[in-house]
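Single-structure report; data block below.
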Amino acid sequence: MSGPSVAYELRDGAAWITLASGDRGNTLTLDSGAELMDAVRRARADAARVVVLRATGRFFSAGGDIGGFASLTDVTAGVDDLAESLHRIISELVRSDAIVVSAVHAMAAGAGFPLAAAADIVLAGESARFTLGYTKIGFSVDGGSSQLVHTLGLHRVLRLALLNDVLTAAEAHAAGLVARVVPDDELAGLTEQVVAGLLAGPAAAQADVKRLLRDAVEPAPESALRRETLAIRRNAASPDGREGVAAFLEKRPPTFNT
């Protein structure tokens, strides 16, 4: 029997949330999403001033469980539920007074990309890679991917979403998404250093800065997240969406019809 998908630790006013199913690529499912939401809520209940998102294993997160999509009897309902569970997490992180820090190593793919980018400060090891990949399987984006335009710019995100390009850690840093890039074996130390610096700062001012700057960019992120849900559930249930999932699992190029 597999263990928990998410680990939680409160230390000196910081909540450390770890995606801990590295053997399964830290995929985002209804079960792991519920665990992650519980951890985020626990951080709020604990009045954590900083929330850290990190991961174990070969991926930060491989995104949604594509194999799970193939087994859904009602694709529209299943994808709707999964997207909404992820969007609740994103909304909690964005709306929280806590400063959210993500520490990314290896691949953040699919929904793992906007999850990492939902942080207020993104740190990365040199191995970090960011890719959307949704249209490879006939899906539209979710998880707050549309909000990446505020950080990366419209045409860069269009390229990432339509051509499924991969951003390296260095490219993500140059584009303004990643705050610091260090060798992988220094990422944990850098994260501790950044968290300590935030905890030593003025909590009320930090929370106000986060709120003011995020509201200046997108005062109603939940509206964008809802639009993403409606689009991805429609595309996932379409013939192209079903073909894309089947092709991915069969390790062949998809043949899209529309």
Side-chain angles (χ1 to χ4, degrees), residues 1-6 19-37 55-90 104-117 127-146 148 157-168 225 228-258:
M1 183 176 178
S2 60
S5 297
V6 177
L19 305 180
S21 59
D23 58 328
R24 302 188 297 278
N26 294 315
T27 52
L28 299 168
T29 65
L30 282 175
D31 288 342
S32 65
E35 289 185 48
L36 182 54
M37 186 64 179
T56 63
R58 296 185 303 110
F59 294 86
F60 176 80
S61 173
D65 178 14
I66 298 176
F69 297 149
S71 64
L72 291 173
T73 54
D74 186 338
V75 176
T76 299
V79 171
D80 184 278
D81 288 343
L82 182 57
E84 286 295 283
S85 71
L86 175 60
H87 292 167
R88 285 194 295 273
I89 294 165
I90 299 298
V104 184
H105 75 284
M107 184 63 78
F113 183 170
L115 176 62
S127 70
R129 300 290 184 272
F130 303 85
T131 188
L132 291 172
Y134 289 87
T135 56
K136 284 184 177 180
I137 60 169
F139 284 25
S140 53
V141 299
D142 72 348
S145 298
S146 63
L148 290 170
V157 179
L158 282 169
R159 171 169 58 82
L160 289 168
L162 298 176
L163 301 181
N164 299 300
D165 285 357
V166 176
L167 275 183
T168 66
L225 293 170
E228 289 184 2
T229 296
L230 296 175
I232 195 169
R233 79 181 189 188
R234 179 176 64 250
N235 283 287
S238 73
D240 279 349
R242 291 182 176 273
E243 164 63 10
V245 169
F248 178 89
L249 296 176
E250 295 166 12
K251 296 181 170 54
R252 61 172 174 80
T255 301
F256 295 129
N257 296 315
T258 60

>> Suppose we screen for ring pair (Phe, Tyr, Trp, His ring centres under 6.0 Å). Which residues come up paired with Phe60, at least two apart in sequence or across chains?
In response: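 Checked Phe60 against ring pair (Phe, Tyr, Trp, His ring centres under 6.0 Å); zero matches.
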What are the two closest heavy atoms between [X] and [Y], and how far apart are they?
X	Y	result
Thr27	Ser32	O-OG, 3.1 Å
Leu19	Ser61	CD1-CB, 4.2 Å
Leu86	Gly143	CD2-CA, 3.5 Å
Leu30	Ser85	CD2-OG, 4.1 Å
Gly112	Ala108	O-CB, 3.7 Å
Ser145	Val157	O-CG1, 4.2 Å

>> Working note: Leu115 + Ile90, criterion side-chain contact (heavy atoms from CB on, under 4.5 Å); need CA distance, chi angles, decisive distance, verdict.
In response: CA-CA 7 Å; Leu115 176 62; Ile90 299 298; 4.0 Å; yes
Just how far is it from atom [atom1] of [X] to atom [atom2] of [Y], taken to the nearest 0.5 Å?
X	Y	atom1	atom2	value
Arg58	Asn26	CZ	CG	10.5 Å
Ile137	Phe256	CD1	CZ	8.0 Å
Thr56	Asp23	OG1	CG	8.0 Å
Arg88	Met37	CZ	CE	6.5 Å

>> Checking the side chain of Glu243 only, and the main-chain atoms of Thr255 only, is there a donor and an acceptor separated by less than 3.5 Å?
In response: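 At least one qualifying donor-acceptor pair exists.
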> Would you say Glu228's side chain and Ser146's backbone share a donor-acceptor pair under 3.5 angstrom?
Replying inline: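 Yes, the answer is positive, given that a donor and an acceptor are paired below the 3.5 Å cut-off.
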> Have Asp65 and Thr29 got a donor and an acceptor in their side chains that come within less than 3.5 Å?
Replying inline: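 Result is no, nothing qualifies.
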> Do Arg24 and Ser5 meet the criterion of a side-chain donor-acceptor pair at a distance under 3.5 Å?
Replying inline: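 Per modelled atom types, Arg24 and Ser5 side chains form a pair under 3.5 Å.
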Please tabulate, for the side chains in residues 76-84, all donor-acceptor contacts under 3.5 angstrom to protein atoms that are two or more places apart in sequence or on a different chain.
residue, atom, partner, partner atom, Å
Asp80, OD2, Arg233, NH1, 2.6
Glu84, OE2, Thr229, OG1, 2.5

> Which residue pairs pass the side chain to side chain donor-acceptor pair (under 3.5 Å) test with at least one member in residues 128-138, sequence neighbours excluded?
Replying inline: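 Non-adjacent pairs meeting side chain to side chain donor-acceptor pair (under 3.5 Å): Tyr134-Asp142, Thr135-Asn164.
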>> What I'd like to find out is whether the side chain of Val245 reaches to under 4.5 Å of the side chain of Phe139, using heavy atoms alone.
In response: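 Yes; the side chains approach each other to less than 4.5 Å.
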> Does Leu160 reach the side chain of Leu148, with side-chain heavy atoms less than 4.5 Å apart?
Replying inline: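 A side-chain contact is absent here, since even the closest heavy-atom pair is not under 4.5 Å.
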